[in-house]
Novice: 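The structure under discussion is supplied below as structure tokens; questions concerning it will follow.
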Number of protein chains: 2
Amino acid sequence: MATRKSQTLDLAILGTLKEGELHGYELRKRALSLIGQVRSLSYGSLYPALRELTERGYLEVDDRAALGIRRGANPRARIAYSLTSAGKEHLNSLLAESGPKEWEDDSFVVRFALFSQTDLRVRVRILEGRHTRLVERLETIRESLSRGRERMDTWTLELQRHGEEAVEREVRWLNELIDNAKTEEKEMNK
Amino acid sequence: MATRKSQTLDLAILGTLKEGELHGYELRKRALSLIGQVRSLSYGSLYPALRELTERGYLEVDDRAALGIRRGANPRARIAYSLTSAGKEHLNSLLAESGPKEWEDDSFVVRFALFSQTDLRVRVRILEGRHTRLVERLETIRESLSRGRERMDTWTLELQRHGEEAVEREVRWLNELIDNAKTEEKEMNK
DNA sequence: CCCTGTTATATCGTGACGATATATCGAATT
DNA sequence: AATTCGATATATCGTCACGATATAACAGGG
């Protein structure tokens, strides 16, 4: 059994499927509207993933259309996938656990898009993790900027400057979100 | 002979090597300072690329250190790579030609970082190409924003909003750069 | 009743890269 | 002077992700 890696893709699929059963084609579109900004999602990744998640018991297949016959022959069969209860559990544990590379662009965006299904405390943890990561990146950039200053190519410099700005913006954005979340947290504890 | 695809990597390597001979390890660091923001560059990609570029005659190897003996056995051998004249030509043609996917993040960043070696007219073309591409992306985002409005998840919405802003900024940035370039162009024609 | 575009599932080859091995050197640390 | 440790440096291999592509059914405009 081809063991895939990317938990990110699993998350995206399971998270999208949380709101009801879907067939592959539609699933892809929905998932892309979540994560399309930073990731692509080709069928070459999607269908193998769907198959494996089914094998593992996280997904259930309801293929009324293509019952039994002509597997793999008839497109337009509309094979509907839905979460099993094990699948829901798995989704929850994925949402709660902190995987490796949790703060990478891909992973963060997916987790963020699924925030409405995520516990408030976990949300804060994810936001803060991303924050730390970005501040680190900012330091790296600034260091390289001050180190090079005179020696560096004009255009490389300009690129770096622009990159710095973008990261700064995202840090500020995160700050706001973290503030909001913490306020919300306090109000719930009252 | 393993034929690689990515012209982007070729560009990065040749462009970095334009300023003088380097060995792999150092080359990687320099190249990363150019494109590190958007791309990673692992040895698993770098060394095969170096080998192939050498085979194609674009690179020349000057391994004083590891002359003849113990190939592949001795690290620290400091194998220095430098551009051949064919390599310089190839670099120039890569810079001038418009490859497929010219406006992807990766490709654009590399081409931008090498602007000091790029003809002014080509610079403008690249900037404008990138501009069009981003405006398209912006339209897609906006469309999806207005289509969903009420129906869409709060967090997905917020993510999209933030993404929109980032793209808008980059468009403005490009506008400035294009203006500058065009001004420069006119002054040269006087 | 074509023709074109969209919906839909599915697979395959391969290129890219993470992980890892190996080894040397310089500079602290003891 | 011995020893540790991190940085320097080259190299390869297995495998995963995905682009490209095939197939075909359907809707609807002309």
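Just so we're on the same page: letters track the sequence lines, and every chain starts at 1. Everything numeric here is computed off the predicted structure, so don't read it as measured data.
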Novice: Tell me whether the side-chain N/O atoms of B:Tyr25 come closer than 4.0 Å to OP1 or OP2 in D:dT10.
Specialist: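 No, because none of the side-chain N or O atoms of B:Tyr25 sits under 4.0 Å from OP1 or OP2 of D:dT10.
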Novice: Nearest-Å distance, CZ (A:Arg28) to P (C:dA10)?
Specialist: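 In whole Å, C:dA10 P and A:Arg28 CZ are 15 Å from each other.
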Novice: Do the non-hydrogen side-chain atoms of A:Arg39 and A:Val109 ever get within less than 4.5 Å of each other?
Specialist: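 No; the side chains remain at least 4.5 Å from each other.
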Novice: Tell me whether the OP1 or OP2 atom of D:dT10 has a side-chain N or O from B:Arg51 closer than 4.0 Å.
Specialist: no
Novice: Measure from the side chain of A:Arg78, starting at C-beta and using heavy atoms only, and say which of C:dA8, D:dT12, D:dA11 lies closest.
Specialist: C:dA8
Novice: Closer than 4.0 Å, any side-chain N/O of A:Ser40 to the OP1 or OP2 of D:dG19?
Specialist: yes
Novice: Taking atom C1' of D:dC13 as reference, at what distance in whole Å does atom CG of B:Leu46 sit?
Specialist: 16 Å
Novice: What class does the angle between the rings of A:Phe115 and B:Trp155 fall in, given that below 30° is parallel, 30 to 60° is tilted and above 60° is perpendicular?
Specialist: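 Aromatic pair A:Phe115/B:Trp155 classed perpendicular.
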Novice: Is any side-chain heavy atom of A:Met152 closer than 4.5 Å to a side-chain heavy atom of A:Ser144?
Specialist: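 A side-chain contact exists here, since the closest heavy-atom pair is under 4.5 Å.
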Novice: Please report how far the helix from C:dC1-D:dG30 to C:dT30-D:dA1 bends, comparing the axis fitted to its first five pairs with the axis fitted to its last five, to the nearest 10 degrees.
Specialist: 30°
Novice: Within a radius of less than 6.0 Å around CZ of B:Arg56, do more than 12 heavy atoms belonging to other residues, nucleotides or ligands occur?
Specialist: yes
Novice: Taking all atoms of both residues into account, what is the closest heavy-atom pair of B:Ser6 and B:Leu9, and its distance?
Specialist: OG-N, 3.1 Å
Novice: Within the pair B:Ser42 and C:dA19, is there a side-chain N or O less than 4.0 Å away from OP1 or OP2?
Specialist: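 For C:dA19, neither OP1 nor OP2 has a side-chain N or O of B:Ser42 closer than 4.0 Å.
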Novice: Calculate the interatomic distance between B:Leu59 atom CG and D:dT10 atom P; express it in whole Å.
Specialist: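 These atoms are roughly 13 Å apart.
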Novice: Could you check how far OH of A:Tyr43 sits from C1' of C:dT6, rounded to whole Å?
Specialist: 10 Å
Novice: Are B:Phe112 and B:Trp173 close enough that their ring centers fall under 6.0 Å?
Specialist: yes
Novice: Less than 4.0 angstrom between a side-chain N/O of A:Tyr47 and OP1 or OP2 of C:dT9, yes or no?
Specialist: yes
Novice: For C:dA16, take OP1 and OP2 only and decide whether either is under 4.0 Å from a side-chain N or O of B:Ser45.
Specialist: no
